[in-house]
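The chain is numbered in sequence order, starting from 1. Every heavy atom of this structure was used, including side-chain atoms; hydrogens, water molecules and symmetry mates were not.
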Amino acid sequence: MIRFDDLLQPDRGQPAHAIEMIAPDDHAGWLARQSPRTRGMVAAQGFRGKHGHHAVLPGEGDDWHVVAVADGETPWSLAGLSAALPAGTYRVGGHEGGGLGWLLGQYRFDRYRRADEDGARILLTRNAAGIADTIALAGATAQVRDLVNTPASDCGPADLEAAAAALAKRHGGTVTVRRGDELEQGYPMIHAVGHAAARDRAPRLIELVWGDQAAPRIALVGKGVSFDTGGLDIKPSSGMRLMKKDMGGAAHALALAELVMAAKLPVRLHLLIPAVENAISGDAFRPGDVLRSRKGLTVENTNTDAEGRLILADALTRAVEEKPELILDFATLTGAARVALGPDLPPLFSDDEALARDLLAAGVTTHDPLWRLPLWDGYDELLKSDIADMVNAPDGGFAGAITAALFLRRFVPAGIPWAHLDVFAWRPTSKPGRPKGGDAYGLRAAFTVLRQRYR
């Protein structure tokens, strides 16, 4: 497996192939300045003034160099090159912004097949101070991708627990886990959703704490549904096909916790992952059941396929008990979010204006965009139940992403800054540096905000 810290290195003048970057509107001028021989060579390689095009040109002796087109310096401006160029060492003249894409362009999920033996592409950079941060962000993104890409047979609740334990061991944290029937009293909604699964896939609440007890406390919560059949409100096969990714929120929370701990931010970190498999058996929870939450509120279960908000509610209640000054939760929560904003743009929900503003701004600066949707009070009445304190999924399907967020808000008291990110955790089509499959959304934006607030 290629290590990211081998692929991005300080430029100390070592031999390397040069990469010349030009903008799309500079292509014609660049071409006019070249010799007829060079123009013929780039034409033979199909080199045009389009983002992502490149050509390899001979230099002196055995040397050669690259000319490439990039539409500005984004994290992904070099991603296509790192996947397409031959193995070797490269330096880019006057272009320092694409290190993350260079690394992630070489990401491969090869757990179940022979890895490609095509060698490493090393990028030299003059921005030596930024190397560690870029490698950390690439590693966290790869961690999300690996977890989400892993099939449910190898990524159940116990495997999420193992991932948290490994994370704690790397950074000196402490993990506490409540499993199976011991959840019934303290975390009844996590228990209700998960107890139909096989014994070795029993539900659990995974908690990791790290950092100075006197430091500001922050909580990260991630939905960990390792596989979602839909329960007795069963999904069709087409809807179940990608449900290995329903633990994508947990993957994001684990990766963000890794970034926080590796950066040694001065915080008391509380990571919470409610991990379940929403399975079907004679013991599965039913439509119409009334569930009691850890907070004491009762929930009429109108849809067993709206289970993620149930387990998150108990986890959020536990997070609140420690009186954090900030809560972020990540969840692959609603199809309605995808209908509204598509796969690339996670909706952000927050009643805290400063937190929402900071996350949106960080999304712009890190090219990791979020889009704020409202916690619209007028839709709160849609959660009304005739027999319990609320329903988990209103009839009619209107404003599904908003009503899910409103449901979660009932478990976070006013006054605690909280943001909910409804992430897709999956890329349906490939882009340079972003292959089809599991992916991280909002991760860089969230870490940027935490690092700005806690230095």
Under a 4.0 Å threshold between the charged nitrogen and the carboxylate oxygen, would Asp228 count as salt-bridged to Lys244? no

Please determine whether a side-chain nitrogen of the Lys or Arg among Asp358 and Arg453 lies less than 4.0 Å from a carboxylate oxygen of the Asp or Glu. yes

Assess whether ring-ring contact (aromatic ring centres under 6.0 Å, His included) is satisfied between Trp102 and Tyr90, documenting all intermediate values. CA-CA 11 Å; Trp102 183 273; Tyr90 299 85; 5.7 Å; yes

Return the CG to OG distance between Asn278 and Ser226, rounded to the nearest 0.5 Å. 9.5 Å

Looking at Arg91 and Glu20, is there a salt bridge between them, counting it only when a charged N and a carboxylate O are closer than 4.0 Å? no

One thing to verify: whether Arg409 and Asp351 come together as a salt bridge, which I'm taking to mean a side-chain N less than 4.0 angstrom from a carboxylate O. yes

Has Arg170 got more than 12 heavy atoms of other residues, nucleotides or ligands less than 6.0 Å from its CZ? yes

Any Lys/Arg nitrogen of Lys431 or Asp344 sitting under 4.0 Å from an Asp/Glu carboxylate oxygen of the other? yes

Trp371, CH2 atom: more than 12 neighbouring heavy atoms under 6.0 Å: no

Using a strict 4.0 Å threshold on nitrogen-to-oxygen distance, state whether Asp110 and Arg108 make a salt bridge. no

Out of the candidates Glu207, Glu161, Glu184, only one should pair with Arg178 under the salt bridge (Lys or Arg N to Asp or Glu O under 4.0 Å) rule; please name it. Glu207

So Met247 and Val225, do their side chains get closer than 4.5 Å, heavy atoms only? no

Test of ring centre spacing under 6.0 Å for Tyr441 and His252: no

